[in-house]
Amino acid sequence: MARDLLGCILWRRIGRTLLAARLVEAEAYLGANDPASHARRGLRSPRNESMYLEGGHAYVYFTYGMYYCLNVVTQERDIAEAVLLRAAQPLEGIQIMQKLRPKARKESDLASGPGKLCIAMDIDRDLDGESLDGKRLFITRGTEAVAGDEIAVSPRIGVDGAPEAAHWPLRFFLAGNRYVSRRSVK
DNA sequence: TTATTGATTGACT
DNA sequence: GTCAATCAATAAA
């Protein structure tokens, strides 16, 4: 799923305005058996409850005391697997995004990270559990095809707390794309 | 009840 | 390269 989401378009409707961005980086989190997942060992709490929804819903969590991250829930109900959307290329409503994210000086930095993406597209816990085929949030196939050899794979970012899973190759991104979160990391 | 730690970012050396 | 911001969930006591 993480692989397939690359090149897809994430849409966010806020009243009459519509924002869109092309996904260029995503990470897979494998539920109960993944020590780096919020659902490791079957953990379940109000925070991660929407991970247990059926595929096609949003899981939005608050982290480091100040940022939100958006996930696509992928499995059947009660199986808590999800894909973290880490970076995207702004397509529509770029001026609005710039207003929402004044710290970004370049367009390529508007959504070049999971927290940044949520700031640029005004995504917070209010959207947690929402359908990804809904009014405020939805995803469509991209118009630009992604070639198989365009997709690079690496360990996930920031999972140092789970040494056992630290090297798992579950981060997918478009090789050389300037909108990914870390240009130095291959 | 208290302590630790993040699926991060931005400022700074 | 280092580090602080800032808080909720989880772990430890």
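The figures here come from the full heavy-atom set of this structure, side chains too, leaving out hydrogens, waters and symmetry mates. Note on naming: letters A, B, ... go to the chains in the order of the sequence lines (proteins, then strands), and numbering restarts at 1 for each one.
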> Ignoring hydrogens and geometry beyond distance, is the side chain of A:Y64 in donor-acceptor contact with the base of C:dA5 at under 3.5 Å?
no
> Looking at every strand, decide which applies to A:R47 at a 4.0 Å heavy-atom threshold: base, sugar-phosphate, or nothing.
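A:R47: backbone/sugar contact only, no base atoms under 4.0 Å.
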> Could you let me know what B:dG10 is paired to, Watson-Crick or G-U wobble, both distances under 3.5 Å, or none if it's on its own?
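Here B:dG10 is engaged in a pair, and the nucleotide opposite it is C:dC3.
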> Of A:L84, A:I139, A:L10, which is the lone residue that meets side chain to side chain contact (heavy atoms under 4.5 Å, CB included) with A:V72?
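Going through A:L84, A:I139, A:L10 one by one, the side chain to side chain contact (heavy atoms under 4.5 Å, CB included) with A:V72 is satisfied by A:I139 alone.
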> Under 5.5 Å between ring centres and under 30° between planes: does that hold for A:Y29 against the base of B:dA7?
yes
> Would you please indicate if the ring centroids of A:Y29 and A:H38 are separated by under 6.0 Å?
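Distance test on ring centres: not under 6.0 Å, no.
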> In whole angstrom, what separates A:L43's CG from B:dG6's C1'?
14 Å
> Going by purine N1 to pyrimidine N3 plus the second Watson-Crick contact, or the G-U wobble pair, all under 3.5 Å, which nucleotide sits opposite C:dT10?
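Because both required distances fall under 3.5 Å, C:dT10 counts as paired with B:dA3.
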> Using whole Å, what does the distance between atom P of nucleotide B:dT8 and atom CG of A:D160 come to?
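Those two atoms, CG and P, are 9 Å apart.
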> Grab the OH-P distance between A:Y67 and C:dA8 for me, whole Å please.
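Distance check: A:Y67 OH to C:dA8 P gives 16 Å.
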> Do any side-chain nitrogens or oxygens of A:R86 fall under 4.0 Å of OP1 or OP2 in B:dT8?
yes
> Once rounded to the nearest 0.5 Å, what's the spacing between atom CZ of A:R13 and atom CZ of A:R136?
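Rounded to the nearest 0.5 Å, the CZ-CZ separation comes out at 11.5 Å.
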> Just how far, in rounded Å, is P of C:dA9 from CE of A:M51?
15 Å
> If you assign A:D109 and A:A162 each to the DNA chain B nucleotide with the nearest heavy atom, which residue ends up on the more 5' nucleotide?
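It is A:A162 whose nearest nucleotide is closer to the 5' end.
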> Grab the NE2-P distance between A:H167 and B:dA7 for me, whole Å please.
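These atoms are roughly 18 Å apart.
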> Determine, stepwise, if the pair A:R77 / A:E54 fulfils salt bridge (Lys or Arg N to Asp or Glu O under 4.0 Å).
CA-CA 4 Å; A:R77 202 175 175 79; A:E54 87 179 319; over 6 Å; no
> Can you tell me, in whole Å, how much space there is between the C1' of C:dG1 and that of B:dA7?
23 Å
> Could you work out the separation of B:dT4 and C:dA4 based on their P atoms and round it to a whole Å?
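It comes out at 16 Å once rounded to the nearest Å.
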> What's the closest nucleotide to the side chain of A:S45 if the choices are C:dA8, C:dT10, B:dT8?
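Among the listed nucleotides, the one closest to the side chain of A:S45 is C:dT10.
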> Counting any heavy atom closer than 4.0 Å, what does A:R101 reach on the DNA or RNA strands: base, sugar-phosphate only, or nothing?
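Sugar-phosphate only.
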> Rounded to whole angstrom units, what separation is found between the NE2 atom of A:H38 and the C1' atom of C:dC7?
13 Å
> Starting at NZ of A:K103 and ending at P of B:dT8, how long is that distance when rounded to a whole Å?
17 Å
> Among A:K103, A:Q89, A:M121, A:R101, find the residue that satisfies the side chain to side chain contact (heavy atoms under 4.5 Å, CB included) test when tested with A:L110.
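Option passing the side chain to side chain contact (heavy atoms under 4.5 Å, CB included) with A:L110: A:R101.
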> For A:M66 and for A:R125, find the nucleotide of DNA chain C with the closest heavy atom, then tell me which residue's nucleotide is more 5'.
A:M66
> Does A:R44 reach the main-chain N or O of A:A39 with its side chain, forming a donor-acceptor pair under 3.5 Å?
no
> On DNA chain B, nearest-nucleotide positions of A:K116 versus A:G158: which is more 5'?
A:G158
> For A:R41 and C:dA11, give me the distance from atom CZ to atom P, rounded to whole Å.
5 Å
